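Only heavy atoms go into these numbers, but all of them, side chains included; no hydrogens, no water, no symmetry mates. On a predicted model such as this, the values are computed, not experimentally measured, just so you know. The first residue of the sequence shown is numbered 1, and numbering continues consecutively from there.
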Amino acid sequence: TNSGNSGQGGSFSKYDLWLDRAFIKYEASLLEYANLTVLLGRFDNPFMLNSQIMWDEDVALDGIAFKVTSPWQPGFKTSLLAGAFPVFTSYFNYPSNNPSKYQSYNKYLLAAQFGVEFKITDEIEAKMSLAYYDWVNIEGQLSDPFVPLNATDAGNTDNSRPSFAQKGNTYRPIRNITPTALNGFGTTNQYQYFGLATQFKQIAWSGRLDFNHFEPFQISLVGDYIKNLAFDRNAINTVAINNRGGGGAGAFDGGDTAWYMGLNLGKPITTFDKRGDWAVGLGYRHVESDAVVD
């Protein structure tokens with residue numbers, strides 16, 4: 001039998017298993033002022049979030065994370081979070097249509113965040129964090145010279161292109177196609193792929209100020225600031241195929257910075273527990289082309 005269009009379960013074929021969350025969590029009190037949490041698997045995003053310029057609120061992370069929380073005294077707490085997360089891993093049999101195989105291509109996120117929470121008064125609480133995100137191998141890589149004869153011919157850096165892309169980031173061609181008579185000396189049969197034109201190594205600050213005088217009603221001022229430290233305008237300008245002025249023929253026009261400011265009113269969403277709980281927010285965000293991975 002055949003189970004649906006994908007054939008899962010038909011003719012003794014293998015099933016695909018889709019997981020939204022599946023993780024192991026370990027917690028321990030190591031010292032008087034050090035509580036350890038370890039996460040392994042696919043879990044909720046552990047990094048501080050005020051907006052969606054860095055992370056969509058629905059994103060789950062695969063990998064491993066360590067967090068040490070230190071409640072030094074009532075009303076003052078620090079935390080240190082670090083983790084490693086695979087973003088993309090190619091299969092070992094790539095390309096499947098060629099007896100010559102290329103080395104597996106892997107992309108990772110290495111990240112760390114320091115956070116502090118403290119009470120200014122009994123009714124005013126502040127939270128701040130400073131994070132560093134290092135996206136390893138996420139940028140597009142130029143291939144060895146070759147001549148793709150059709151759309152299925154593979155280059156040795158094809159897997160450096162994004163597996164999913166929307167809009168915003170700057171892209172570059174990643175196939176080093178040799179001009180020959182087979183492609184009209186560069187005028188036909190340009191089976192090209194495109195990858196990110198820049199590396200991403202980001203520093204990110206988040207801040208939150210909560211006014212709790214009218215509990216459970218809360219007033220919060222929130223902000224985020226992100227800068228891509230690996231951004232090199234001159235290097236991008238030599239390879240960019242989009243984000244150019246003058247109708248596409250001018251110099252590269254992009255940036256490395258994103259920021260958000262907002263005001264939230266109501267009950268904190270994380271504490272919603274009954275009918276009638278409500279919250280509303282108003283914010284403004286500015287996101288330049290290569291500040292975050294789209």
Working for side chain to side chain donor-acceptor pair (under 3.5 Å), residues Ser206 and Asp224: CA-CA 4 Å; Ser206 292; Asp224 287 324; 2.6 Å; yes

Considering the options Thr69, Thr37, Asn35, which one meets the side-chain contact (heavy atoms from CB on, under 4.5 Å) requirement together with Ser79? Thr69

Exercise: do Asp144 and Asn156 side chains pair donor with acceptor under 3.5 Å: yes

Check whether the side chains of Thr198 and Asp290 place a donor and an acceptor atom closer than 3.5 Å, and report yes or no. no

Working to the nearest 0.5 angstrom, can you tell me the gap between Asp134 CG and Leu110 CG? 5.5 Å

Measure the CZ-OG1 distance between Phe118 and Thr78 for me, rounded to the nearest 0.5 Å. 12.5 Å

Please find the pair of heavy atoms, one from Pro162 and one from Gly195, that lie closest to each other, and give the distance. CD-CA, 3.9 Å

Looking only at heavy atoms, which two atoms of Ala165 and Tyr171 are closest? And how far apart? CB-OH, 3.1 Å

In terms of ring plane angle, is the pair Trp278 and Phe217 parallel, tilted or perpendicular, where the classes change at 30° and 60°? tilted

Measure the spacing between CG of Asn189 and CG of Leu182 and express it to the nearest 0.5 Å. 8.5 Å

Would you tell me whether Asn176 and Ser143 have side-chain atoms, one donor and one acceptor, within less than 3.5 Å of each other? no

Measure from the side-chain N and O atoms of Asp153 to the backbone N and O of Leu149, and report whether any donor-acceptor pair falls under 3.5 Å. yes

Exam field: side chain Gln202 to backbone Ala291, donor-acceptor pair closer than 3.5 Å: yes

Look only at the side chain of Asn237 and the backbone of Arg233, and say whether a donor-acceptor pair between them is shorter than 3.5 Å. no

Within 6.0 Å of NZ in Lys119, more than 12 heavy atoms from elsewhere: no

Kindly say whether Tyr191 contributes a backbone atom to a donor-acceptor pair with the side chain of Arg175 at under 3.5 angstrom? yes

For the side chain of Asn228 and the backbone of Val292, is there at least one donor-acceptor N/O pair under 3.5 Å apart? no

Evaluate the side-chain proximity of Phe85 to Asp62: yes if any heavy-atom separation is below 4.5 Å, no if none is. no

Between Asn50 (side chain) and Gly223 (backbone), is there a donor-acceptor pair under 3.5 Å? yes

Can you hop from Leu30 to Val68 via hydrophobic side chains spaced under 4.5 Å? yes

Lys107 side chain to Ser160 backbone, donor-acceptor under 3.5 Å: yes

Is any side-chain heavy atom of Gln190 closer than 4.5 Å to a side-chain heavy atom of Asn183? yes

Derivation and outcome, side-chain contact (heavy atoms from CB on, under 4.5 Å), residues Ile219 and Leu263: CA-CA 7 Å; Ile219 302 173; Leu263 173 67; 3.9 Å; yes

Met48, Leu81: one ILVMFWY side-chain cluster at the under-4.5 Å cut-off? no

Please report the closest heavy-atom contact between Asn243 and Gly168, naming both atoms and the distance. ND2-O, 3.4 Å

Looking only at heavy atoms, what is the nearest atom pair of Gly63 and Pro86, with distance? CA-CD, 4.0 Å

Is there a path from Leu130 to Val222 through hydrophobic residues (I, L, V, M, F, W, Y) whose side chains come within less than 4.5 Å of each other? no

What do the steps show when you test Tyr132 against Lys201 for side-chain contact (heavy atoms from CB on, under 4.5 Å), and what is the final call? CA-CA 7 Å; Tyr132 180 73; Lys201 300 180 187 296; 3.5 Å; yes

Does Asp122 CG have over 12 foreign heavy atoms under 6.0 Å away? no

Please work out which of the three classes, parallel, tilted or perpendicular, describes the rings of Tyr284 and Trp259, given edges at 30° and 60°. tilted

Salt-bridge criterion met for Arg208 and Asp210 (N-O under 4.0 Å): yes

Using modelled atom types and a 3.5 Å cut-off, is there a donor and acceptor pairing between side-chain atoms of Thr89 and backbone atoms of Asn106? no

Could you tell me whether a side-chain N or O of Tyr105 sits under 3.5 Å from a main-chain N or O of Asn137, the two making a donor and an acceptor? yes

Closest heavy-atom contact between Gly255 and Ser289? N-OG, 3.1 Å

Do Ile24 and Phe43 touch side chain to side chain, with heavy atoms closer than 4.5 Å? no

Go through the steps for Ser129 and Trp205 under the test side chain to side chain donor-acceptor pair (under 3.5 Å), then give the verdict. CA-CA 6 Å; Ser129 70; Trp205 175 89; over 6 Å; no

Does any donor atom in the side chain of Glu288 or His286 lie under 3.5 Å from an acceptor atom in the other side chain? yes

A cation-pi test, strictly: NZ or CZ of Arg244 under 6.0 Å from the centre of the six-membered ring of Phe252 and no more than 45 degrees from its axis. Yes or no? no

In one Ile/Leu/Val/Met/Phe/Trp/Tyr side-chain cluster, 4.5 Å: Met54, Met128: no

Closest heavy-atom pair and its distance - Gln113, Tyr133: NE2-OH, 4.2 Å

Less than 4.5 Å apart, any side-chain heavy atom of Ile120 and any of Leu209? yes

Checking Asn212 against Glu123: is there a side-chain donor and acceptor pair closer than 3.5 Å? no

Take Leu61 and Val59 through the test side-chain contact (heavy atoms from CB on, under 4.5 Å) and record every step on the way to the result. CA-CA 7 Å; Leu61 297 182; Val59 168; 4.1 Å; yes

Quick check on the hydrophobic clustering: are Val293 and Ile53 connected, directly or via other members, by side-chain heavy-atom contacts under 4.5 Å? yes

Enclosure of Lys77 NZ (heavy-atom neighbours >12, cutoff 6.0 Å): no

dist Lys25:NZ -> Asp44:CG (nearest 0.5 Å) comes out at 9.5 Å

Got Lys267 and Asp273 here, is their nearest side-chain heavy-atom distance under 4.5 Å? yes

If the plane angle is over 60° it's perpendicular, under 30° parallel, otherwise tilted; pick one for Trp55 and Phe47. parallel

Nearest 0.5 angstrom please: Tyr26 OH to Leu39 CG, how far? 13.0 Å

Sub-4.5 Å side-chain heavy-atom contact between Thr170 and Ile236: yes

Can you confirm whether Phe211 sits close enough to Leu221 that some side-chain heavy atom of one is under 4.5 Å from a side-chain heavy atom of the other? yes

If you round to the nearest 0.5 Å, how far is CZ of Phe146 from OG1 of Thr178? 8.5 Å

Any donor-acceptor pair under 3.5 Å linking the side chain of Asn264 with the backbone of Gly283? no

